[in-house]
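Some notes on the structure that comes next.
Only this structure's heavy atoms are used, side chains among them; waters, hydrogens and symmetry mates stay out.
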Amino acid sequence: MLWSDPENKPPKELRDAENMMRRAGLVLALAMVVAMFVLGTR
């Protein structure tokens, strides 16, 4: 890396979208666990 090279950072919109997708994935996984638990107790 040269000191004159631009920093290798994604733009803010991309980072925000990544965080939103990660959060949505966590919520979806949690919902699946809860659904499995509810269906298993019936």
Side-chain angles (χ1 to χ4, degrees):
M1 285 286 289
L2 296 175
W3 64 270
S4 59
D5 284 348
E7 290 187 28
N8 193 12
K9 276 199 227 170
K12 185 178 184 324
E13 295 86 21
L14 187 63
R15 280 180 284 155
D16 288 347
E18 272 184 352
N19 287 335
M20 202 167 65
M21 290 299 286
R22 191 172 298 126
R23 214 171 290 131
L26 283 172
V27 169
L28 192 62
L30 192 64
M32 288 290 285
V33 170
V34 170
M36 291 286 190
F37 183 74
V38 168
L39 289 174
T41 55
R42 285 189 176 190

So R15 and K12, side chain to side chain contact (heavy atoms under 4.5 Å, CB included) or not? Walk me through it. CA-CA 5 Å; R15 280 180 284 155; K12 185 178 184 324; 3.9 Å; yes
In L39, V34, T41, the residue satisfying side chain to side chain contact (heavy atoms under 4.5 Å, CB included) with F37 is T41
State which residues pass side chain to side chain contact (heavy atoms under 4.5 Å, CB included) with L14; sequence neighbours excluded, sorted by chain then number. P10, P11
